[in-house]
2 protein chains.
Amino acid sequence: MAEHGSVRVQGIDPRTGRLVAESIQATTPEQLETLVQAAARALPAWSATPATHRAAALRRVAAVLDDGGDEVIRLAGLETGLDPARLAGELARTTGQLRLFAALIERGEHLDVVISESSAEIGRPDLRRMLQARGPVAVFAASNFPFAFSVVGGDTASALAAGCPVVVKAHEGHPATSAATAAFVTRALAEAGAPYGVFGIAFGAAAGGPLVAHPEVSAVGFTGSFRAGVTLQAIASGRDRPIPFYGELSSTNPAIVLPLAAAGRPREIAEAYVASLTLGAGQFCTKPGLLFAPHGSPLLEEARAAVAASTGGPALSHRIRDGYRSFTAWDGVPVIATGESGGAVLAMTPELRAVGLADFAANIDELAVERFGPAGLLITYNDVAELLATLPRLPGSLAGAVHADAAEAADAARVAEALRRRVGRLIMNGWPTGVAVCAAQHHGGPWPATTDARYTSVGAKAIERWLVPIVYQDWPDELLPEELRRDNHLGVPRHIEA
Amino acid sequence: MAEHGSVRVQGIDPRTGRLVAESIQATTPEQLETLVQAAARALPAWSATPATHRAAALRRVAAVLDDGGDEVIRLAGLETGLDPARLAGELARTTGQLRLFAALIERGEHLDVVISESSAEIGRPDLRRMLQARGPVAVFAASNFPFAFSVVGGDTASALAAGCPVVVKAHEGHPATSAATAAFVTRALAEAGAPYGVFGIAFGAAAGGPLVAHPEVSAVGFTGSFRAGVTLQAIASGRDRPIPFYGELSSTNPAIVLPLAAAGRPREIAEAYVASLTLGAGQFCTKPGLLFAPHGSPLLEEARAAVAASTGGPALSHRIRDGYRSFTAWDGVPVIATGESGGAVLAMTPELRAVGLADFAANIDELAVERFGPAGLLITYNDVAELLATLPRLPGSLAGAVHADAAEAADAARVAEALRRRVGRLIMNGWPTGVAVCAAQHHGGPWPATTDARYTSVGAKAIERWLVPIVYQDWPDELLPEELRRDNHLGVPRHIEA
């Protein structure tokens, strides 16, 4: 962990406390300026690079990462304590994302081309609209996904695909992994003929604010803590020219178990709940932080037993472990079960607390908050009507889940309506962890889940964050961007208004 | 004009200075609270109203406005000094917008439905994504379009179409017009069975800040002055839960005349330029504020003659006239032509100033600013390379225009590239005033043209501002919103990933 302003960033093994690899020098202000200026200079060439070539470059990055997988998985295992199988899966997800965006831009779907043909009758000129790269992008890597939300995770992949150069602010939790990944990315992009400066990486917390404030930076992707996110967002919106700040900050992800489901399959639900709660030692933004269950149902005892039988794991960093330990918002709520620590130096122990719905509702601002780590709050309700009145008061979340039997479908629909503007994803009889990378995915939600509920950071639509429209009016065909020409020789999907 | 905090809002005739109609009482804080709470209560019903019914309500509003056109055109003529033909055209544009959004939501295009079908092979759940109404919307009406950007202009029409209740903050420049329009809208919506509270209107500048700050307001549409826009945007982003602020603030709309065009058709270009510059007494956000022309070309004399032969018109308000008069940023640049005032009490007289490109470039922050009214800045350049180096330094604009002959196409393409990230719309051999309402339109641009270059306030895409995604994971068909069910009996356009 690096302190603010320190000159080197050092990874440690959270299981043993041992240093990992050489420390990395923090990026100086002068070096940061060089990185951002290089990104700005790369913009015209990279954004004008044909989509097929940009796609080839993304696939080259994926291939080089696949080849170098052993090295980055080894480093990430040391710096995060995550097991190799999980890391291998995450790396495959990461290279899969690069290939997804490569295919997307080859098809031209992301351009959202709309053409309104000229009409003398209604006095309309010829208008041809497409999306284009908005400019250099700053990406803040996350602690909890050293590949998929880090150096060349979804933010970087989608921004590069959009035609935007990227400067990554590496996370302090895995500097050696970040440096090794960045070396692969830089090499692959150069091999693919991408312009110099299209990708850069900065180290050290002190680089974050200046990166967001830099006049050449046109947008920011951030996954991290509420406090850091709010600070950076204030910088982004306080600039002379404010820029979009896409931040994923904090999410409680309510899961509601309806009475028949709780009565009919209490063990199955409880075990799946605790598996989701303790996955990755609870260090997922989609962890089900709030579980609503019927008062007096057998689910309560099963949940208690499942937590007691669970084992924690290492925090990804001292900061996360300290935050987990020093969390006080739930102090007034009794602990009803505790698991095993797992024995890591930075261990976080699973814990379940329980509170009645009336008490919860009376203290919702204090209790409905994210606790990063394997801790859950169980809220017991007496009747569904009371529950329905409380759910719309929850803070925004990335996801919410409903567990219901077929015979209580009407109540499930009411719960969904109550949550509809509080979450970005609504799950039936499942758990919020596990976010499929696909066309329909939406990984975003109302504040404070994300700073901008309109956008997703996972799935094909993530590319929308880095694009802005431009329309050409009465422009001669030969001077139009190829994507807008009348013959459409690139075969870009178009919506045409005749 | 109402002063901040005054209790009544009074329209005046800018041609004569006479009061128009009865003054309108400014909305009190208690009344504003009632309006916003009613909007919040209307949200569930209005957003769940089938699109066909919402479309019918929008068409009913259009029909009632068409019927009541004489009254609102008469009032608007008195309060704005705009001529009846212009106002009739603008009202037709306004009812046309309502019908455009009605047709759009009937087709379901705005929902952007994407379905990723479940796949056991890759372990993917069934994901069904659509856009939904984000919540109550605040709309700040503009001075310069008493219908099309006012009470039931594009912002209100698109928000209502999206399923969002609307509270309008009427512009102080045309209170009687606003009240009369609002009465028609309220009646039409009630007749169409829309829920109470789906539309409300507030009067008086003092209502603006509290409206943006209100916790139930989920987004803001604003067209107005830079100063008011920046103030309100700061409120929107400083809230406990920040909300999107879609503001159209200030735009200089550069028009570049290349050498052969300037030499070949100087009079045609100059006359069209001055017509665009003085349209509506220069009170268009798309007015061509900066004209770049070759040093020594015959265009300069033609432009001077055309301005000298032009006539101004009344400002829409005292504030606009005072702003036009007291504008000092161009004081160091000589006036080369002045038109006739037109004789109104609040007259603004056309004026053209000229400066060399080197001087302009050296003082670009002071000179490249909007002056609202019929004034233009002519910038003379010696060579195109020098021009190309300066254009990327311009502030963001809604539109830019290039005038070129076929033989200088290569330079036209270079100018377009230089302007590509500085404007939202690029026009060939035309002028930025006149913004067609259609599918491909983009009326937005980099700061300070708009606060959010991703969005348009004109055309079909304007509805995107009021929508947020939600995705349903593994949801049973009978509990899904109708738009997402497997049989697609509503016939909504869908993108399906198998």
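Between B:L258 and B:D405, the closest side-chain pair of non-hydrogen atoms is not below 4.5 Å.
Using a 4.5 Å cut-off between heavy atoms, B:P125 contacts chain A through its side chain alone, with no backbone atom that close. Neither the backbone nor the side chain of B:E478 comes within contact range of chain A, judged by heavy atoms closer than 4.5 Å. Contacts between B:T456 and chain A at a heavy-atom distance below 4.5 Å are absent for every atom of the residue. Proximity to chain A (any heavy atom under 4.5 Å) is restricted, for B:L479, to the side chain, taken from C-beta onward. Within the 4.5 angstrom heavy-atom criterion, no atom of B:P446 approaches chain A. For B:R422, the part lying under 4.5 angstrom from a heavy atom of chain A is the side chain only. Looking at B:A133, the atoms closer than 4.5 Å to chain A (heavy atoms on both sides) sit in the backbone and in the side chain alike. Only the side chain of A:P481 comes within contact range of chain B, with heavy atoms under 4.5 Å apart.
Ranked by heavy-atom pairs under 4.5 Å with chain A, the first of B:R454, B:R129, B:K461 is B:R454. Comparing B:A409, B:S237, B:A436, B:A413 by how many heavy-atom pairs each has under 4.5 Å with chain A, the most go to B:A409. Among B:R128, B:Q132, B:Q441, the residue with the largest count of heavy-atom pairs under 4.5 Å with chain A is B:Q132. Most heavy-atom pairs under 4.5 Å with chain A, from the set B:R420, B:R124, B:H495: that is B:R420.
Side chain of A:R134 to backbone of A:S218: a donor-acceptor contact under 3.5 angstrom is found.
Annotation: the span from A:L467 atom CG to A:M130 atom CE amounts to 9.0 Å, rounded to 0.5 Å.
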*Begin with the C-alpha distance, continue with both residues' side-chain angles, and end with the deciding distance and a verdict on salt bridge (Lys or Arg N to Asp or Glu O under 4.0 Å) for B:R465 and B:D452.*
CA-CA 10 Å; B:R465 297 174 295 167; B:D452 193 334; over 6 Å; no

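In summary, A:E417 and A:R414 do not engage in a salt bridge, as defined by a charged side-chain N under 4.0 Å from a carboxylate O.
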